[in-house]
There are 2 protein chains.
Amino acid sequence: MPKESTSPMSTNPVQGGKVTIKQVAQQAGVSTASVSYVLSGRSGATGRNGGVAQETAQRIRRVAERMGYAPDLAARKIRTGRSDTILLSLTMLSDPWSLAVIEAVQRRAMPLGITPMILADADWSRVLKSHDADAMFVDAVSPGQEELLTALSSQGKRLVVFHEEMQPKGFDVIRSLAGPGCVLAMDHLLRNHHKIAILTTERARERHDSARFMPYLDGLVKAGIPVREDYIDFFDRSPASAYAAAMRLLDRPDRPTAIYATTDFAAMSAINAAQRLGLRVGVDVDVVGVGNTSEGESMVPSLTSVGPEGFFDELARILVARAQGDEQDPRAVDFHWKLFSRESAR
Amino acid sequence: MPKESTSPMSTNPVQGGKVTIKQVAQQAGVSTASVSYVLSGRSGATGRNGGVAQETAQRIRRVAERMGYAPDLAARKIRTGRSDTILLSLTMLSDPWSLAVIEAVQRRAMPLGITPMILADADWSRVLKSHDADAMFVDAVSPGQEELLTALSSQGKRLVVFHEEMQPKGFDVIRSLAGPGCVLAMDHLLRNHHKIAILTTERARERHDSARFMPYLDGLVKAGIPVREDYIDFFDRSPASAYAAAMRLLDRPDRPTAIYATTDFAAMSAINAAQRLGLRVGVDVDVVGVGNTSEGESMVPSLTSVGPEGFFDELARILVARAQGDEQDPRAVDFHWKLFSRESAR
DNA sequence: CTGTTAGCGCTTTCAT
DNA sequence: ATGAAAGCGCTAACAG
């Protein structure tokens, strides 16, 4: 049995360059193959291959440890095609929604030795082409990019796309239809109110965004309530703008008694604005949001909202399955929304 | 001059597998070397090597495009040692601080073709060992991990570490001393107030955290004001807890006229609480935060805070320089804090 | 049980 | 100006 060679210069764990499998092999007096078996694939398993003696395995592991060996994942990837990595392309990282995605994926992937990495760039197309992870999640795709997705997935990339109305074309689609959910939100308010304002984005209104804006109009019409222009106001991405808009709606004599906000974060700003004005949320004014974020749930007062149930967990499940090589036909998964009635609107 | 071969099967941009440099070379009727030159290094440059004829280069590019070629970054990395990637290990992704780091790095790195990737895991040690990017940023290191950092950097990894009191040992250290800054915050309040409360974390108090907690005590002592236990309250990571704590401080007869919060996010919650109680922030009660986040700056009313100046940009500069191979000796960079006086405390 | 060997896709001398 | 060929670190057949 070969002993660990003891050349004085080379056993230092802290060296200049990086430690390779070859160096470890040499130090341990075995071949690179054995080292590879022990350090990556299984070693002691009685399977057909990979049978490395316990003793040898021990020695290799000791030497590797002492030398501070760490596998080069790029090299491994080039050989196996797997990177043990999931890429999450998230456009609005500040949004609690994104954090929820991350956390859910984290929880599922890490125990399996898969590392989720986040790409905080709106332009996923450039990066996803070359950087390839075992699976990638894309949270926003603009109209023209659909084709690109198909191209990517036919090149072997495993994609999971979040989109409201896209069809699975080589990639999975997570669809979370806000429309019906928003109807629930409006219905909830319509039970007790007829002076209902909406806090939304310019874009949603221009395009008559069927998902989040139309249910407001439809709801009023259905209830026979005329639409008032002065009960419609807008915000952009910043909380400050939502706060300001809510102020405009609430700080006047003929103020609405309820606000339907097309985003949880806008709803939260509206609550702050109402409180600033001395209004009791849930009593003087009701507020509902859309998205059912945990931030809204844990705020004071807790935010009534609509959202999909079990969404993040299921998303993570699918993504991780794909990363592990699940070869089922790409599918679309629809989520049903429900109303989560809390303090801000009973 | 060889024509682009026109075998019917293989010119399809959307194929089963991935397109390699070899396939492109074959299609274009040139060698892989030429393709590599054109597609990665410079092609037409009159430099000593890499001289590829304009015509050839054109053809290669066309073919590559048509076939949907994208370089395999793992393969490239194994050869060049560069991944054109920066890894950001951020523990509190929900914190605006992290977002600011991301944005700053993004802005500097992307124009240079470097992609920042985020690792949202507290345990950076495991990942950073194998996954190596051109440079990596670590925003939190626990006491025992210091040694590991040195080990990593002596293996050729370029690290930039954020820590208040660490010495550069093979890696750069970004030091942002909160202490002096917090003194500024207290001094600011002490000009007009003697009933000053503090909103802080249990941990900071227990360990008599010199940076953020002690300046409160020292400030009061220096001004000859006795410390009141009932003017000290605590929050944990959630905004809800900070809100609740602020409520406890403010919702009673002998309430403080100023709140020193050891975090911007806590300060923001305090402002919300004050408004909820009908108090005018900046008039009935002053609030200052620590960190000088842009969220605080853009909130209504804008938050007075202390923080380092030009911090994120400089951090990004250093990180990107390292990623590009800057070989200067590792150094420690200290940031000076200043007071940003805004509406919440004049 | 262990070693030899052939690549993965790419870059980079070194010839031609 | 272009191509042949040698590897980077690793894994996976295949021999022994």
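Values reported hereafter were calculated over all heavy atoms of this structure, with side chains retained and with hydrogens, waters and symmetry mates removed. Per chain, numbering begins at 1; letters A, B, ... match sequence-line order.
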Using a 4.0 Å heavy-atom cut-off, does S36(A) contact any base of the nucleic acid, only the sugar-phosphate backbone, or nothing at all? base

Whole-Å gap separating C1' (dG3(D)) and NZ (K22(B)): 15 Å

Looking only at heavy atoms, which two atoms of F312(B) and A104(B) are closest? And how far apart? O-CB, 3.6 Å

Could you state the NZ-C1' distance from K129(B) to dG9(D), rounded to the nearest angstrom? 18 Å

Using a strict 4.0 Å threshold on nitrogen-to-oxygen distance, state whether D134(B) and R322(B) make a salt bridge. no

Can you see whether H131(B) engages S83(A) through a side-chain donor-acceptor pair at a distance of less than 3.5 angstrom? no

Check the orientation of F162(B) and F311(B). Use parallel for under 30°, tilted for 30 to 60°, and perpendicular for over 60°. perpendicular

Give a yes or no on whether a salt bridge exists between E103(B) and R107(B), defined as a side-chain N under 4.0 angstrom from a carboxylate O. yes

Take the protein atom CG of L39(A) and the nucleotide atom P of dG9(D), then report the distance between them rounded to whole Å. 16 Å

Could you check A70(B) against S34(A) and say which one's nearest nucleotide on DNA chain C is further toward the 5' end? S34(A)

Nearest heavy-atom pair of A70(B) and S130(A): which atoms, and what distance? CB-OG, 4.3 Å

Quick one, which residues of residues 71-84 of chain A touch DNA chain C with a heavy atom under 4.0 Å? I78(A), R79(A)

Nearest heavy-atom pair of K169(B) and S153(B): which atoms, and what distance? O-OG, 3.7 Å

Distance-only side-chain donor-acceptor flag, T150(A) / E147(A), under 3.5 Å: no

Determine, for R317(B) against E314(B), whether the closest basic-nitrogen to carboxylate-oxygen distance falls under 4.0 angstrom. yes

Figure out the CG/C1' separation between D132(A) and dC10(C), and round it to whole Å. 15 Å

Separation of dA4(D) P from Y37(B) OH (nearest whole Å): 14 Å

When the axes are fitted on five pairs at both termini, how much does the helix from dC1(C)-dG16(D) to dT16(C)-dA1(D) curve, in 10° steps? 40°

Can you check whether S40(B) has a side-chain N or O nearer than 4.0 Å to OP1 or OP2 of dT11(C)? yes

Please state how far atom CD1 in I21(A) lies from atom C1' in dG3(C), giving the value in whole angstrom units. 13 Å

Using whole Å, report how far CD of Q23(B) lies from P of dC8(C). 11 Å

